[in-house]
Structure formats: structure tokens, C-alpha cells
There are 2 protein chains.
Amino acid sequence: MQVKLEDIIQSIYFLPQEVLDDVLGNFKHLEYPKNHFLLKPGKPCKHIWFMTKGAVRYYYTNEQGKEMNTWFSMDRQVIADTSSLVKKEPSEESIQLLEDSEMYAIEYTSLQTLIQKHHAFSLWYIKLVELYYIAQIEDRLTDLQFLDAKQRYQKLLSLYPDITNRISLGNIASYLNISQETLSRIRAGKI
Amino acid sequence: MQVKLEDIIQSIYFLPQEVLDDVLGNFKHLEYPKNHFLLKPGKPCKHIWFMTKGAVRYYYTNEQGKEMNTWFSMDRQVIADTSSLVKKEPSEESIQLLEDSEMYAIEYTSLQTLIQKHHAFSLWYIKLVELYYIAQIEDRLTDLQFLDAKQRYQKLLSLYPDITNRISLGNIASYLNISQETLSRIRAGKI
DNA sequence: ACCATTTTTTGATTTACATCAAAAGTATTC
DNA sequence: GAATACTTTTGATGTAAATCAAAAAATGGT
């Protein structure tokens with residue numbers, strides 16, 4: 001049962017048919033296997049991906065070569081390195097599939113052309129940015145500021161109840177910025 | 001020597017004269033004394049402020065009643081609780097002046113009208129959001145994830161070299177999420 | 001200039017979590 | 001189905017920074 005691109009687009013902000021038709025032609029449907037990289041450090045992020053199925057992790061590699069996860073996105077979510085995207089600078093992070101995944105992609109340059117061309121589409125993009133980028137990044141920020149590891153784990157669980165079946169303890173511990181031993185103890189209720 | 005609103009606006013994204021004229025009429029010039037609140041928790045954030053002079057802190061009050069600073073903005077910066085603004089939900093944070101300050105303000109509802117009315121202004125707002133909101137929030141996020149207290153302090157100092165003369169140690173320690181004793185020891189080079 | 005208040009510094013103690021080390025459990029391959 | 005390689009759990013120890021307590025320094029008001 002395939003999610004329709006048209007529905008994803010119209011659910012963000014309604015576009016008149018004429019604009020929608022032009023927009024749809026700029027998206028590609030893509031399928032990639034587990035472990036595929038959507039983005040590698042040093043490369044600028046040139047796409048926005050609308051996932052329809054699968055899971056990804058965002059991560060940085062620090063000076064000691066340790067991979068540090070910063071976020072997971074699963075199923076119906078918008079994927080991009082927004083910082084690299086809008087600054088047009090090389091990415092510092094990797095985006096890697098954790099499962100075989102399906103998605104629609106649009107190039108940022110196409111998007112720029114479309115917002116110049118269609119007033120309605122510029123309003124659509126504002127909604128996307130406000131609702132997806134800002135709302136999500138702000139949530140992550142307040143989590144990081146105010147919640148301890150245990151609370152952040154519980155919040156992650158409430159966001160993705162099946163995450164323990166889909167993402168390894170090590171990957172989750174890396175996201176929580178705690179050792180996997182500590183996460184194991186949290187799970188066992190010993191903390 | 002007053003910063004001109006027109007220059008602030010045009011530096012973000014160039015607007016044709018006709019649009020600029022309409023836009024300028026929607027801004028108010030404001031002056032407030034030290035300790036004034038631009039925003040209090042429970043109230044939705046309804047404005048975007050363009051500071052021209054002064055300093056503010058953003059902070060949350062946690063369950064124990066402790067105030068936790070999340071950000072400082074000084075002089076020429078854009079101020080808003082972007083999360084409350086775009087979600088149109090009550091704010092969870094306070095924005096308080098730390099110095100007598102001057103700024104221009106626009107209501108979010110006026111801004112919405114203007115982006116519907118002028119295609120050029122919707123493109124202006126996209127630039128504002130991309131360059132100010134996203135770039136800044138992403139920077140804060142990566143700082144929080146990867147830098148320890150000392151590194152975050154040094155980064156804050158490089159961003160605002162005169163911050164120690166303008167903002168108290170306690171306020172800065174709260175932002176760094178460390179005790180003020182620890183910040184004092186960092187300053188003394190004992191850490 | 002002096003007193004009151006606030007801010008910053010210093011020292012002693014406690015604590016949460018990292019790290020180290022190893023065992024137990026689970027998955028993958030031949 | 002034994003062998004090998006991951007993943008997760010458990011236990012012991014170390015450490016950075018919080019907390020507690022109090023002194024010192026700076027700031028503000030009269």
C-alpha cells in the first residue's frame with residue numbers, strides 16, 4: 001500500500017492543481033537498501049527527502065573517530081541536513097539508512113526555482129520549514145537542554161514505540177549520549 | 001547612530017520599493033528598560049523582534065522553580081520564540097531584557113498577511129527563516145551535542161567577546177548548564 | 001563613605017555516570 | 001549444530017562536576 005506523493009504534498013499546504021502538477025514533476029521516487037548513505041560528510045546536502053518507509057540515523061564522527069548519533073527518523077518523515085542545505089556548505093554529518101527504505105526526493109535547486117516561480121509553492125515551503133524543520137529542531141533542543149538520559153530515552157520510546165526492535169541499543173545509547181552500559185541499566189530499571 | 005529598519009530588511013533579501021513600503025508600515029519601533037519581559041510563559045509569542053541595541057536572555061523555569069537560560073541575544077539579532085510562534089501555542093519560555101534595549105517589532109499575523117499578499121515578501125521570510133532561525137538553532141544543537149561546558153563557554157566568548165561585562169556569571173553558568181562554581185573555576189583556569 | 005545586597009570565588013564532600021573488564025545472550029556462517 | 005562474531009548485561013573502579021558551606025569581592029543605594 002503505497003503512500004501517494006500528492007497526498008504528502010497537499011497535507012502540508014494546499015496547492016492549486018496547476019502548481020501541483022509542476023511540483024510533482026520535480027520529485028523522484030527512490031528505493032535504497034539498508035546501510036546506504038543519503039549524505040556523507042564533506043558533501044553538501046542537495047536534497048530534501050520525504051520518507052515513506054524505512055529508518056535512518058543522522059550521525060557525526062568526532063575527532064577520535066567515534067560515531068555519535070544525533071537523530072533517528074522513521075517512516076513518514078522529512079529528511080535533510082537543514083544546516084548544510086540552507087547554508088549551501090559541506091555537510092558535517094552522515095545520514096545513513098538503518099533499514100531498506102523508500103522515499104521521494106526533490107533537489108534543493110529545483111525547490112528554489114519552484115518557490116521563485118509559484119507564490120503558492122513559496123507558501124507551501126514556508127509551512128514545511130515552520131512545521132517540520134523548526135518544530136522538530138526546537139523539540140530536540142529543549143530535550144537536550146532539560147531532560148536527562150532517562151527522560152530522553154522515554155521520550156524517544158513514546159515517539160517511536162517500536163524503536164527497540166528496529167534500532168540497536170548501541171545506536172540508541174549513542175543518540176542519548178550515554179554509554180551503552182548505562183542504557184542497558186536504564187532498561188533494566190537499575191537507574 | 002540609529003540602525004535603519006530599511007537596511008535591516010533589505011540586508012536579508014532585496015524587496016522592490018512598492019513591497020518595502022507596505023512592509024515598513026507593519027513594524028513598530030520600541031524601547032524597553034532592563035528587566036522588561038518580551039515574552040512570559042503561557043502567552044503565545046506573537047511578534048518577531050529585530051533588536052538594534054541591548055541584550056536579552058531566553059529562559060525556562062523548571063519544576064523546581066529554577067531558571068535555566070537557553071540563549072542570549074545581543075545587539076543586532078532577531079528575537080522570537082520560534083516554536084511558540086509557528087505552532088501558535090503558548091510559550092514555555094521567558095524572554096527578558098538584560099539591558100535597556102531598542103528594537104523593531106512585527107506581529108506574526110501581519111507577517112502572515114504580508115506573505116500572502118507579496119510573493120517577494122514570502123521569499124524574504126524564507127530567507128529570514130533559513131538564515132536566522134535554522135542556522136542559529138542548528139548551531140546551538142550541535143554545540144549542545146558535541147561540546148563540553150568549557151568549549152561552549154569559549155564559543156560563547158568568541159561570539160560575544162564583551163559578554164563577561166554585560167551578563168553575570170550566574171546567568172552564563174545557567175546557559176552552559178553547569179553550576180556557577182564550576183564556571184568560576186573554568187574562568188580561573190582550574191579546569 | 002558605609003552598609004546591604006548581590007556576585008564570585010574557594011574548599012570539602014557526594015554522586016551520577018564513564019570506563020574498564022568480563023560474562024551472558026543472540027545472531028550469522030560454514 | 002558447532003564456531004565465530006556481534007550485542008547486551010553485570011560488576012568493580014575512577015572521575016568530572018554537582019552540591020553544600022562559607023568567605024571574599026563587587027555593586028548599589030542612601
Side-chain angles (χ1 to χ4, degrees), chain A residues 33-35 55 57 59-70 72 96-100 143-157 160 162-191, chain B residues 33-36 55 57 59-70 72 96-100 143-157 160-191:
Chain A
K34 180 174 173 170
N35 296 325
R57 66 170 177 141
Y59 71 92
Y60 284 72
T61 306
N62 71 8
E63 312 75 47
Q64 291 86 50
K66 191 176 158 198
E67 293 177 2
M68 304 175 77
N69 294 332
T70 57
F72 303 108
Q96 185 184 28
L97 301 188
L98 295 174
E99 299 175 352
D100 298 346
D143 283 8
L144 267 181
Q145 296 250 22
F146 304 121
L147 304 184
D148 62 24
K150 189 176 179 181
Q151 291 170 315
R152 291 208 297 136
Y153 178 58
Q154 283 159 347
K155 208 163 164 186
L156 190 68
L157 277 182
Y160 299 123
D162 58 346
I163 200 168
T164 46
N165 303 323
R166 294 173 75 176
I167 294 174
S168 73
L169 177 131
N171 264 327
I172 295 171
S174 164
Y175 161 73
L176 297 172
N177 211 7
I178 58 175
S179 67
Q180 58 179 4
E181 293 92 330
T182 299
L183 178 54
S184 176
R185 286 184 249 260
I186 287 172
R187 280 191 179 168
K190 291 174 185 168
I191 288 184
Chain B
K34 179 172 174 172
N35 295 325
H36 175 83
R57 65 171 179 141
Y59 71 92
Y60 285 73
T61 306
N62 72 8
E63 312 75 49
Q64 291 86 49
K66 191 176 157 198
E67 293 178 1
M68 304 176 77
N69 294 332
T70 57
F72 303 108
Q96 184 185 29
L97 301 188
L98 294 173
E99 299 176 352
D100 297 347
D143 284 6
L144 267 181
Q145 295 251 24
F146 303 120
L147 304 184
D148 61 25
K150 190 177 178 180
Q151 292 170 315
R152 289 208 299 136
Y153 178 58
Q154 283 160 348
K155 206 164 165 186
L156 190 68
L157 277 182
Y160 299 121
D162 58 346
I163 200 167
T164 46
N165 304 322
R166 294 175 73 177
I167 294 173
S168 73
L169 177 133
N171 265 327
I172 297 172
S174 164
Y175 162 72
L176 296 172
N177 211 6
I178 59 176
S179 67
Q180 56 179 4
E181 292 91 331
T182 300
L183 178 54
S184 176
R185 285 185 249 260
I186 287 173
R187 282 192 177 167
K190 291 175 183 165
I191 289 181

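The shown structure was predicted, so the numbers you read here are calculated from the model rather than taken from an experiment. Below, chain A is the first sequence line, B the second, and so on; all start at residue 1.
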How close or far is atom C1' of D:dA17 from atom CD1 of B:Ile178, stated in whole angstroms? 9 Å
Going by atom types alone, do A:Tyr175 and A:Arg57 pair a side-chain donor with an acceptor below 3.5 Å? no
Just N and O in the side chain of A:Ser184: are any of them under 4.0 Å from OP1 or OP2 of D:dT8? no
Where A:Gln180 and A:Gly170 come nearest, the two heavy atoms and their spacing: OE1-CA, 3.4 Å
Value rounded to 0.5 Å, distance of CZ in A:Arg187 from CG in A:Leu183: 5.0 Å
What's A:Asn171 touching, base or sugar-phosphate or nothing? Going by heavy atoms closer than 4.0 Å. nothing
Any side-chain N or O of B:Thr182 less than 4.0 Å from the OP1 or OP2 oxygen of D:dA17? no
Minimum heavy-atom distance between A:Arg152 and A:Leu176, given as atom pair plus value: NH2-O, 2.7 Å
Regarding B:Ala149, tell me which of base, sugar-phosphate or nothing describes its non-hydrogen contacts under 4.0 Å with the strands shown. nothing
Please report the closest heavy-atom contact between A:Leu147 and A:Lys155, naming both atoms and the distance. CD1-CD, 3.8 Å
Quick one: closest heavy-atom pair of B:Asn69 and B:Ser174, and the distance? N-OG, 2.7 Å
Which distance, rounded to the nearest 0.5 Å, do you find between the CG of A:Leu98 and the OG of A:Ser168? 8.0 Å
Point-to-point distance, once rounded to the nearest 0.5 Å, from CD1 of A:Ile163 to CZ of A:Phe72: 5.5 Å
Just checking A:Leu183: base, sugar-phosphate only, or nothing, at a heavy-atom cut-off of under 4.0 Å? nothing
Tell me which nucleotide among D:dC20, D:dT8, D:dA12 gets nearest to the side chain of A:Arg185. D:dA12
Where is the tightest heavy-atom contact between A:Tyr153 and A:Ile186, given as atom of each residue plus distance? CD2-CG2, 4.0 Å
Atom CG of A:Leu176 to atom P of D:dT8: distance rounded to whole Å? 13 Å
When the C1' atoms of the five terminal pairs at each end define the local axes, what inter-axis angle does the helix from C:dA1-D:dT30 to C:dC30-D:dG1 show, to 10 degrees? 50°
Between atom CD in B:Glu181 and atom P in D:dA22, what is the gap in whole Å? 14 Å
In whole angstroms, how far is the P atom of D:dA22 from the CD atom of B:Gln180? 17 Å
Which is the 5'-most and which the 3'-most nucleotide of DNA chain C that has an atom under 4.0 Å from a heavy atom of chain A? C:dC17 to C:dA21
Looking only at non-hydrogen atoms, find the nearest pair between A:Asn35 and A:Gln96 and report the distance. O-NE2, 3.2 Å
Using a cutoff of under 3.5 Å, can you pull out all pairs of nitrogen or oxygen atoms linking the protein to nucleotides 25-30 of chain D, with atom names and distances?
none

OG of B:Ser184 to CD1 of B:Ile172, rounded to nearest 0.5 Å, is 12.0 Å
